[in-house]
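Here the structure is laid out as structure tokens; the discussion comes afterwards.
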Amino acid sequence: ALRARLGSLDLVETVLAGDAKRVGELIEQHPRLVNEIHPAGGSAVHMAVRRGRTDLVFAMLRPAPDFNLPSAAPESLTPLRLAVDHPDLARAEELVDAMIGNGANPNAPQGDGVSPLQAAVKAGRTEIVRMLAFNEAAGADPHLPRKHRTSRFLYTADGSRVQRPEQAAYPWPVINQ
């Protein structure tokens with residue numbers, strides 16, 4: 001149904017239709033559209049990553065998309081984080097590889113407080129962790145504190161603990177230890 005109307009579709013709709021050629025044409029005509037948040041909740045890059053379409057991500061690289069732009073959807077995740085979390089590991093690795101050399105920040109803030117690097121560590125995706133932490137990705141910090149809403153402490157990836165000065169201690173001694 002969408003293919004018959006491809007000429008009148010916006011960039012996100014064209015991404016959802018999966019037409020890489022038309023995506024390239026739209027980007028060429030209107031490069032600023034690549035970072036525009038669509039009413040569907042994210043940019044065209046968010047939608048391409050959600051669908052696992054590396055070819056569409058490559059088609060959008062020329063106007064320098066912001067891979068650190070959080071979606072407007074309730075989860076507020078960046079395209080890089082969506083790539084890390086993609087269910088198909090091979091596609092996830094391809095998507096991450098395409099983004100890390102083009103300005104994606106492995107420590108970009110996310111709505112859930114878990115950075116793309118931390119998500120990759122948690123999921124056990126060692127190749128993605130390697131790409132994010134050791135391939136000159138901007139700002140990779142595997143020791144970045146994780147946010148724990150149940151404790152007055154911050155915990156780093158190596159297991160060390162730092163007290164949060166802005167949060168008062170809980171009245172229960174077992175939690176404070």
Side-chain angles (χ1 to χ4, degrees), residues 1-73 75-112 114-142:
L2 287 176
R3 295 225 182 261
R5 298 185 31 199
L6 276 179
S8 64
L9 296 179
D10 69 19
L11 181 59
V12 170
E13 292 168 338
T14 305
V15 166
L16 293 174
D19 188 345
K21 181 181 177 196
R22 180 68 180 140
V23 166
E25 292 170 0
L26 285 171
I27 292 295
E28 190 72 32
Q29 295 168 3
H30 310 285
R32 299 185 77 196
L33 286 178
V34 75
N35 291 322
E36 187 176 298
I37 298 292
H38 189 269
S43 68
V45 178
H46 285 92
M47 300 306 166
V49 171
R50 284 184 193 273
R51 296 185 67 112
R53 295 292 304 267
T54 311
D55 60 327
L56 297 178
V57 172
F58 282 132
M60 292 184 269
L61 285 179
R62 192 169 197 195
D66 185 357
F67 294 121
N68 305 313
L69 181 69
S71 64
E75 66 267 4
S76 259
L77 301 178
T78 64
L80 181 61
R81 172 64 187 282
L82 293 172
V84 167
D85 292 342
H86 197 279
D88 181 339
L89 181 58
R91 286 185 192 254
E93 290 173 357
E94 288 177 7
L95 290 163
V96 168
D97 193 33
M99 289 186 245
I100 59 170
N102 290 290
N105 180 355
N107 296 319
Q110 310 292 310
D112 63 0
V114 179
S115 74
L117 179 56
Q118 292 166 338
V121 169
K122 184 178 179 181
R125 295 187 164 194
T126 54
E127 182 62 21
I128 291 176
V129 170
R130 187 192 63 73
M131 286 190 281
L132 294 175
F134 303 113
N135 279 358
E136 301 176 20
D141 184 4

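Along the sequence shown, residues are numbered consecutively beginning with 1.
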Flag the pair [X] / [Y] as yes when at least one side-chain heavy-atom distance between them is below 4.5 Å, and no otherwise.
{"X": "Leu89", "Y": "Glu93", "result": "yes"}
{"X": "Leu56", "Y": "Arg51", "result": "no"}
{"X": "Pro106", "Y": "Ile100", "result": "no"}

Only one of Leu82, Asn35, Val45 passes side-chain contact (heavy atoms from CB on, under 4.5 Å) with Phe67; say which it is. Val45

Mind checking side-chain hydrogen bond (donor to acceptor under 3.5 Å, both in side chains) for Glu94 and listing every partner two or more places apart, or none if nothing turns up? Thr54

Quick one: list whatever passes side-chain contact (heavy atoms from CB on, under 4.5 Å) with Pro63, sequence neighbours left out. Ile27, Pro31, Val34

Just to verify, what does Val129 make a side-chain contact (heavy atoms from CB on, under 4.5 Å) with, not counting sequence neighbours? Leu117, Ala120, Val121

Minimum heavy-atom distance between Ala83 and Val49, given as atom pair plus value: N-CG1, 3.4 Å

Which atoms form the tightest heavy-atom contact between Val12 and Ser43, and what is the distance? CG2-C, 4.0 Å

Which residues satisfy the salt bridge (Lys or Arg N to Asp or Glu O under 4.0 Å) test with Asp85, sequence neighbours excluded? Arg81

Who are the salt bridge (Lys or Arg N to Asp or Glu O under 4.0 Å) partners of Arg125, not counting sequence neighbours? none

Could you note down all residue pairs passing salt bridge (charged side-chain N to carboxylate O under 4.0 Å, His left out) where residues 27-44 supplies at least one of them, sequence neighbours left out? Glu28-Arg62

Are Asp55 and Arg53 within salt-bridge range, i.e. N to O under 4.0 Å? yes

